[in-house]
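Since the structure comes first, as structure tokens, the remarks are kept for the end.
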Amino acid sequence: MLLLQTRPLSRGALVAQNSPLLPWGLLAASDSSSASPVAWLMALLFSLILAIYTGPGILGSFSRVRLVGGDHRCEGRVELQQDDEWVTVCDDYWNMDSVAVLCRELGCGAARKTMSGTMYGPVTPKDQKVFIHLFRCNGIEESLSQCEREDAIGCSHDEDAGAVCEAIYTGPGILGSFSRVRLVGGDHRCEGRVELQQDDEWVTVCDDYWNMDSVAVLCRELGCGAARKTMSGTVYGPVTPKDQKVFIHSFRCNGIEESLSQCEREDAIGCSHVEDVGVVCERESHSPSGPESVRLADGPGRCQGRVEVKFQGEWSSVCQAGWSFAAAKVVCRQLGCGRATLTRRGCNKATQGQGAIWQRKASCSGQEVSLQDCLSEVWEHNCTHNEDVWVECEDPFALKLVGGRSHCEGRLEVLHKGEWGSVCDDGWGQDADRVVCRQLGCGQPLSPPVKVRRRFGPGVGRIWLDDVKCSGKEPSLEQCLHRSWGYHNCNHREDVAVVCEEQQSGLPDA
């Protein structure tokens, strides 16, 4: 192994000692008085060349990092950008120190866990490369590029690394969030001007960076067919109203994302409606032969288990090769559970199915109400029950006000993983009060003094939510932005209390 040792000299140069690769004439000098300036210059130049070609090197450089396929930008499969392509990272030496560095680099919250990258869709293309180095981080670096590395030998995509960071919304932010996407003014639902829903208004999208990769993602998200072309949004009527806003970000997609929300973004500066983007996807109608019903079997509760669909009166398990995390989201929504947290490709022996395996493939965007709304196509496969899909959803969301004279006032508690816990008042406001009151079937929120709120007392046990931000229009508190469940910097003296008007059930007796 080549060893270069350096020490400072009075002239500010560096001398390499004990290296078999340097000319003896350069190594004979042990101090600044016994070597010529030319020798020092040659030694320095040779050392720099060695440093360049024995370090990570050009092949091991990367410019950006991202997480792909998760529920938010702070979760997913780890990918690095090399020139114009994205490569995965091998999970050898990948640990919580590595995740901590990655979360810090991405501007996310605390490191939560390290995952297999195979858990996140879409499936990694076979021709996608694996990064040539492994990372050995100690957890204090500012970015992965500062971690030590070793050569990655014999790694495949089965060993892709994944990461979960606390989802703190410090990136695009609330102004850059959207809930739905649609195409307006075309001949069918898969063609038209691109519009995104922000709260109760629809905004257009600027065509900066928009290309066929972006179209492919949008067509996939809408459950349409293949991407056909990108168009100017101005060709689709009705004419965009002058007061309609343009979305504050432009999208930079690589074409494999499940939805536009997973694409990277740049600030949209100076865009007008002349630059509105339009899209044409192949038109595909929903198949009438989708599943009649769905359930999660052999799990600890109705919101966890092996996926089974009822098709033509028969219950069948589902093969992992025809499944995606987007489909798992739809299942959790259809069953009235919380958000999808896991889809595992393959069940253990005790939870494998015994009967038929579904002979169809569901293509979901993740926004559908049920699997019946997803595109369904006949799919020939040779799957076995070793490949049955397992899905886990959070428990159904519930909330209550405790300690008051009625269900419309008291300390706020929310149910998560079967356990009630309080909510911290950091970031809480009247818009959040309004959502809670509406969800409980009460009247308008009141604004009593702090003294009144404190009479409900502090909670005990878990503090589930912190930094909750609502617009006031959400149908459920679950849809407001917040830190990840269980992450906070509060104590029970900061528990949220809400007081709503009593909802009148009818007119008073005459």
Nearest heavy-atom pair of Ala327 and Leu371: which atoms, and what distance? O-CD2, 4.3 Å
Is a donor on one side and an acceptor on the other found under 3.5 Å between the side chain of Arg265 and the backbone of His249? no
In Å and rounded to the nearest 0.5 Å, what is the CZ to OG distance from Arg180 to Ser261? 14.5 Å
Between Phe251 and Phe247, how do the two ring planes meet: parallel, tilted or perpendicular, split at 30° and 60°? parallel
Do His492 side-chain atoms and Gly461 backbone N/O form a donor-acceptor pair below 3.5 Å? yes
Using the side chain to side chain donor-acceptor pair (under 3.5 Å) rule, pick out the option among Asn386, Asp388, Thr384 that qualifies with Gln352. Asn386
Decide disulfide (SG to SG under 2.5 Å) for Cys337 and Cys332; before the verdict, give the C-alpha distance in whole Å, the side-chain angles of both, and the deciding distance to 0.1 Å. CA-CA 5 Å; Cys337 301; Cys332 293; 6.0 Å; no
Decide salt bridge (Lys or Arg N to Asp or Glu O under 4.0 Å) for Arg306 and Glu308; before the verdict, give the C-alpha distance in whole Å, the side-chain angles of both, and the deciding distance to 0.1 Å. CA-CA 6 Å; Arg306 181 182 66 254; Glu308 290 191 347; 2.6 Å; yes
Ignoring hydrogens and geometry beyond distance, is a side-chain donor-acceptor pair present between Ser406 and Glu409 at under 3.5 Å? no
Nearest atoms (heavy-atom pairs only) where Cys442 meets Cys500: CB-CB, 3.6 Å
Is Arg136 paired with Glu148 through a side-chain N to carboxylate O contact shorter than 4.0 Å? no
Here the pair of heavy atoms bringing Trp94 nearest to Thr114 is CD1-OG1, 3.0 Å
Euclidean distance, Ser422 OG relative to Phe456 CZ, rounded to 0.5 Å: 14.5 Å
Donor-acceptor under 3.5 Å (Asp495 side chain, Gly459 main chain): yes
Answer yes or no: is there a side-chain heavy-atom contact under 4.5 Å between Gln430 and Ser447? yes
Should the pair Arg462 and Trp420 be classed as cation-pi, given the thresholds of under 6.0 Å to the six-membered ring centre and 45° from the axis? no
Do the cysteine sulfurs of Cys219 and Cys224 sit under 2.5 angstrom from one another? no
Regarding Gln439 and Glu474, is there a side-chain donor-to-acceptor distance under 3.5 Å anywhere? no
Mind checking whether Asp267 and Ile248 have side chains closer than 4.5 Å, heavy atoms only? no
Looking just at side-chain N and O atoms, do Gln244 and Glu195 make a donor-acceptor pair shorter than 3.5 Å? yes
Got a salt bridge between Glu258 and Arg220, using NZ or NE/NH1/NH2 to carboxylate O under 4.0 Å? no
Take atom CZ in Arg455; do more than 12 heavy atoms of anything else shown fall under 6.0 Å from it? yes
Backbone N or O of Gly355 within a donor-acceptor pair of the His385 side chain at under 3.5 Å? yes
Donor-acceptor under 3.5 Å (Arg453 side chain, Ala497 main chain): yes
Using a distance-only test with no angle check, is there a side-chain donor-acceptor pair under 3.5 angstrom linking Trp323 and Thr343? yes
Does any donor atom in the side chain of Asp467 or Trp428 lie under 3.5 Å from an acceptor atom in the other side chain? no
Using ring centroids (six-membered ring only for Trp), state whether Phe135 and Tyr93 fall under 6.0 Å. no
Side-chain (Arg411) to main-chain (Gly404) donor-acceptor, under 3.5 angstrom: no
Partners passing salt bridge (Lys or Arg N to Asp or Glu O under 4.0 Å) against Lys113 (at least two apart in sequence or in another chain): none
Short question: side chain of Glu105, backbone of Leu144 - any donor-acceptor pair under 3.5 Å? yes
Check SG atoms, Cys408 and Cys437, less than 2.5 Å apart: no
Measure the CD-CG distance between Gln304 and Leu296 for me, rounded to the nearest 0.5 Å. 8.5 Å
